[in-house]
2 protein chains.
Amino acid sequence: MTTVTDTPPASRTDTYHHGDLRTALLDAAVQVLAEHGVSGLSLRECARRVGVSHAAPYRHFASKEALLAAIAAQGFAWLYAAGSAAMAPFTDPVARLDAYGLSYVRFALAHPQHFRLMFTSECSRDAPTAEGQDADLAYRLLRDAALAVSPPGVDPDVAAVAYWSRPHGLAMLLLDARIPAARVASAAALTELIHATVHGERWTR
Amino acid sequence: MTTVTDTPPASRTDTYHHGDLRTALLDAAVQVLAEHGVSGLSLRECARRVGVSHAAPYRHFASKEALLAAIAAQGFAWLYAAGSAAMAPFTDPVARLDAYGLSYVRFALAHPQHFRLMFTSECSRDAPTAEGQDADLAYRLLRDAALAVSPPGVDPDVAAVAYWSRPHGLAMLLLDARIPAARVASAAALTELIHATVHGERWTR
DNA sequence: GATTGATGTTGCTGCTGTCAACATAGCCGA
DNA sequence: TCGGCTATGTTGACAGCAGCAACATCAATC
């Protein structure tokens with residue numbers, strides 16, 4: 001007993017109280033999603049992996065859906081942070097929009113489970129939870145960037161959607177493996193793909 | 001007994017054998033999906049709606065996932081047909097690509113359950129089933145159209161993905177209600193949105 | 001040091017996917 | 001005409017799951 005004040009709150013699995021069960025469950029859920037997909041996820045399996053009884057998750061999440069929503073909210077926060085950071089170094093509107101698209105696709109590839117949940121859940125529209133908070137921030141970030149690139153008179157929402165659809169569609173197709181794997185093998189190839197998608201206007205005459 | 005030869009095979013629900021249980025189950029499943037989403041779908045509920053015992057579906061589908069895959073396959077066939085029909089009247093490459101994008105988004109809005117299953121299932125990549133058949137046809141349709149619009153030297157797959165991502169992303173965002181509802185209220189507004197997304201190059205200089 | 005609220009456990013109910021054994025019916029050859 | 005064959009549908013069972021209620025444990029506070 002030198003200067004042992006207290007155990008770190010995140011890693012006590014041998015005591016009655018877990019310490020940080022909520023984030024442990026979130027992490028376990030993401031791992032299960034990666035291994036078995038959303039249809040193979042169960043709260044009981046998450047509890048088992050964390051070493052806790054099958055009803056313990058209900059102290060932190062009202063339902064299985066609430067846990068998934070929490071993961072999505074985490075994803076929106078990360079996405080917003082990544083987009084902000086990516087755009088920060090640039091002032092040119094086109095460069096900023098480009099940086100946003102790049103970081104968007106990179107985020108989807110880095111956190112596929114989060115990304116899928118963020119846009120695949122079928123009930124997150126009704127409840128304006130904390131998820132909506134960061135989702136709105138991310139949306140406004142994109143809309144402002146798109147508006148700065150568009151000529152005056154264009155509806156901001158139309159501009160935002162037009163430029164959102166491209167990286168979003170690419171990300172979705174990449175996650176669904178609908179794109180030949182060779183296209184994503186090297187970072188250079190992926191970057192080329194992203195550029196071609198986000199502003200492919202150089203091709204059409 | 002005038003000329004009554006046989007009862008129509010699609011609508012006998014009072015006899016021991018249903019007549020066309022397979023398609024009846026598919027239709028019921030799509031309806032359940034529309035009402036309760038994929039997480040609220042169960043084979044037992046589908047069987048109940050069709051008026052059949054809970055194990056009857058297993059005579060037509062190996063598993064719940066197989067039923068979902070069948071719906072997705074149906075969707076790919078429809079999508080391919082719609083894309084072909086939409087492009088047929090045109091010969092100009094840009095017009096053909098435009099028509100494809102328009103029909104793509106229209107298909108997603110007309111058959112949201114099918115569309116979501118087509119691109120959201122997490123295991124359809126492994127098994128090259130009949131679904132892959134029509135999916136490949138649809139992909140080749142798009143790739144050829146994109147290639148006709150691209151300058152020589154462009155990788156066909158890159159061109160295809162670049163032009164696929166736009167309507168695909170827009171469709172996904174529309175289905176997830178991530179786009180203000182007012183944007184989709186009128187057919188004209190929707191068409192404007194689609195055009196802006198599919199070839200927004202007119203805006204950036 | 002007792003109390004209280006947060007956190008974790010045990011046990012239960014109803015639902016689900018899936019399988020095995022059985023029932024029915026339409027069809028085909030004798 | 002009749003008897004069997006096969007496709008199709010039924011019943012019953014099992015294990016796993018979401019969610020709830022009642023109970024247990026712990027930590028902090030008065």
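Numbered from 1 within each chain, the chains take letters A, B, ... in sequence-line order. The structure presented is a predicted model; accordingly, all values stated were derived computationally and were not measured.
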Validation row: A:M87, A:L141 side chains within 4.5 angstrom (heavy atoms): yes

Full working for ring pair (Phe, Tyr, Trp, His ring centres under 6.0 Å) between A:Y104 and A:F115: CA-CA 10 Å; A:Y104 193 93; A:F115 191 83; 5.6 Å; yes

End-to-end axis angle, where each axis spans five pairs of the helix from C:dG1-D:dC30 to C:dA30-D:dT1, to 10°: 10°

Considering all heavy atoms, the nearest B:L142-B:A160 contact: CD2-O, 3.7 Å

Among C:dG8, D:dA18, C:dG11, the nucleotide that comes nearest once only the side chain of A:Y58 is considered: D:dA18

So which protein N/O to nucleotides 12-16 of chain C N/O distances come out below 3.5 Å?
from, atom 1, to, atom 2, distance (Å)
C:dT16, OP1, B:S42, OG, 3.4
C:dT16, OP2, B:R48, NH2, 2.7

Whichever of B:R59 and A:S63 has its nearest DNA chain D nucleotide further upstream toward 5': B:R59

Rounded interatomic separation in angstrom, taking CG from B:L25 and P from C:dG17: 12 Å

Rounded distance (Å) that lies between atom P of D:dC17 and atom CG of A:L67: 15 Å

Any pair counted as side chain to side chain donor-acceptor pair (under 3.5 Å), so long as it reaches residues 66-86 of chain A, sequence neighbours left out: A:Q74-A:H114

Student check: side-chain heavy atoms of B:L102 and B:H195 closer than 4.5 Å: yes

Rounded distance in Å - CG (A:L68) to C1' (D:dA18): 13 Å

Beyond-backbone contact of B:Y163 with B:R143, side-chain heavy atoms, under 4.5 angstrom: no

Side chains of B:T197 and B:V105 in contact at under 4.5 Å (non-hydrogen atoms): no

A:H54 backbone acceptor or donor facing A:R44 side chain under 3.5 Å: no

